[in-house]
A.B. asks: 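Take this structure, written in structure tokens, and hold onto it; I'll ask about it next.
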Amino acid sequence: MSQQTPSKQEKIWQTVLQIPAGKIASYGQIADLAGLPGRARLVGKTLGLAPDELRLPWYRVMRSGGQLAFAAGTPQALAQQQLLLAEGVIVRNGRVAKDFWWQPDLAELLFKLQY
DNA sequence: ACTATGACTGATT
DNA sequence: TAATCAGCCATAG
């Protein structure tokens, strides 16, 4: 069957959409799961390009170590913290605890993404 | 083809 | 624990 080779953008967006509410993932983790190891920076750039219609949970993506994606005090960082708190993710000192890290079942995830 | 840039990382200090 | 550094690689000019 004709494989609709998803663009890197689509792969990244689809992967981010799999992060469940109340959980977070890192840029590098998303890159790996999307089949783009080593492209953490591309993930960040691509999230910024995502149209609002996708309702992409961009705020569930953080830096390695669970730090907020943006510099502390910036409007973006505050928005991210607020959105996470609304889902029960406790943000303290600009970072979240290990308990909130997304640990997907790879078999299930790969099936959903169909790569 | 080359350089600069960035919603990044991991190791080092 | 926090700040710095160097490596990273797709994109844009």
Side-chain angles (χ1 to χ4, degrees):
Chain A
M1 78 191 197
S2 56
Q3 163 80 356
Q4 293 284 330
T5 61
S7 67
K8 292 171 185 174
Q9 266 189 2
E10 294 173 280
K11 285 183 178 178
I12 291 171
W13 291 339
Q14 283 304 309
T15 305
V16 171
L17 285 170
Q18 306 305 317
I19 308 175
K23 293 289 179 179
I24 65 95
S26 73
Y27 292 100
Q29 185 180 1
I30 294 301
D32 288 346
L33 294 174
L36 301 167
R39 279 58 158 193
R41 304 186 80 141
L42 180 62
V43 171
K45 180 167 295 186
T46 303
L47 285 186
L49 299 175
D52 296 350
E53 301 85 79
L54 280 182
R55 305 289 170 80
L56 211 60
W58 59 270
Y59 52 86
R60 294 181 191 147
V61 185
M62 312 187 75
R63 299 193 197 182
S64 67
Q67 306 165 67
L68 289 172
F70 304 90
T74 65
Q76 298 260 53
L78 294 175
Q80 180 170 37
Q81 174 169 331
Q82 187 170 5
L83 287 165
L84 288 175
L85 287 173
E87 293 188 343
V89 177
I90 300 172
V91 181
R92 209 174 70 159
N93 292 325
R95 113 175 5 180
V96 305
K98 242 181 177 179
D99 318 338
F100 300 106
W101 278 82
W102 180 36
Q103 296 176 4
D105 177 88
L106 290 185
E108 181 184 353
L109 179 68
L110 293 175
F111 176 74
K112 287 183 178 175
L113 295 177
Q114 305 215 330
Y115 288 166

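Letters go in sequence order (proteins before strands), and every chain restarts at 1.
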A.B. asks: Describe the nucleic acid contact of G28(A) in one word from base, sugar-phosphate, nothing, applying a heavy-atom distance below 4.0 Å.
C.D. replies: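 Sugar-phosphate, no base atom in range.
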A.B. asks: Hey, does T46(A) reach any base, or is it just sugar-phosphate, or nothing, if we go heavy atoms under 4.0 Å?
C.D. replies: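 Nothing, no heavy atom under 4.0 Å.
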A.B. asks: In whole angstroms, how far is the P atom of dG10(B) from the CD atom of Q29(A)?
C.D. replies: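 Checked: the CD to P distance equals 11 Å.
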A.B. asks: Have a look at L42(A) and say if it touches a base, only the backbone sugar-phosphate, or nothing, with a 4.0 Å heavy-atom cut-off.
C.D. replies: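 Result for L42(A) = sugar-phosphate.
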A.B. asks: CD of Q67(A) versus P of dA7(B): gap in Å, rounded?
C.D. replies: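 These atoms are roughly 16 Å apart.
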A.B. asks: Is a donor on one side and an acceptor on the other found under 3.5 Å between the side chain of Q80(A) and the backbone of Y59(A)?
C.D. replies: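 Confirmed, Q80(A) side chain pairs with Y59(A) backbone.
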A.B. asks: Looking only at atom types and distance, does a side-chain atom of E10(A) sit under 3.5 Å from a main-chain N or O of S7(A), one as donor and one as acceptor?
C.D. replies: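 Yes, because the side chain of E10(A) sits within donor-acceptor range (under 3.5 Å) of the backbone of S7(A).
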A.B. asks: What's the closest nucleotide to the R39(A) side chain, out of dA10(C), dA7(B), dT9(B)?
C.D. replies: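 Of dA10(C), dA7(B), dT9(B), dA10(C) is nearest to the side chain of R39(A).
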A.B. asks: Measure from CD1 on I30(A) to C1' on dT9(B) and round the result to the nearest Å.
C.D. replies: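 It works out to 15 Å between those atoms.
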A.B. asks: What is the distance, rounded to the nearest whole Å, between atom CG of L36(A) and atom C1' of dT9(B)?
C.D. replies: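 Atom CG in L36(A) sits about 16 Å away from atom C1' in dT9(B).
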A.B. asks: For dC8(B), does OP1 or OP2 lie under 4.0 Å from any side-chain N or O of S26(A)?
C.D. replies: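 Checking dC8(B) against S26(A), no side-chain N or O comes under 4.0 Å of OP1 or OP2.
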A.B. asks: Which sits closer to the 5' end of DNA chain B, F70(A) or G65(A), going by the nucleotide each is nearest to?
C.D. replies: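 Of the two residues, F70(A) wins.
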A.B. asks: Find the distance Q80(A):CD to dC8(B):C1' and express it as a whole number of Å.
C.D. replies: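 Taking atom C1' of dC8(B) as the reference, CD of Q80(A) is at 14 Å.
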A.B. asks: Whole angstroms only, please: what is the NZ-C1' distance between K45(A) and dA4(B)?
C.D. replies: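 Rounded to whole Å, this separation is 10 Å.
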A.B. asks: Is the backbone N or O of T46(A) less than 3.5 Å from a side-chain atom of W13(A), with the two atoms forming a donor-acceptor pair by type?
C.D. replies: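 It does hold such a pair.
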A.B. asks: I need the single residue from L42(A), L17(A), L56(A), L33(A) that forms a side-chain contact (heavy atoms from CB on, under 4.5 Å) with I12(A). Which is it?
C.D. replies: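 So the option named by the test is L42(A).
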A.B. asks: Can a side chain N or O of R41(A) be found less than 4.0 Å away from OP1 or OP2 on dC8(C)?
C.D. replies: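 R41(A) to dC8(C) OP1/OP2: no side-chain N or O under 4.0 Å.
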A.B. asks: Picking from dA10(C), dA2(C), dA7(B), which would you name as closest to the side chain of R95(A)?
C.D. replies: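 Looking only at heavy atoms from C-beta outward on R95(A), the closest nucleotide is dA2(C).
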A.B. asks: Rounding to an integer number of Å, can you tell me how far R63(A) CZ sits from dT4(C) P?
C.D. replies: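 Spelled out: CZ on R63(A) to P on dT4(C) is 13 Å.
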A.B. asks: May I have the step-by-step check of side chain to side chain contact (heavy atoms under 4.5 Å, CB included) for K8(A) and R39(A), ending in yes or no?
C.D. replies: CA-CA 10 Å; K8(A) 292 171 185 174; R39(A) 279 58 158 193; 6.0 Å; no
A.B. asks: In whole angstrom, what separates K8(A)'s NZ from dA7(B)'s C1'?
C.D. replies: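 It is 18 Å, rounded to the nearest whole Å.
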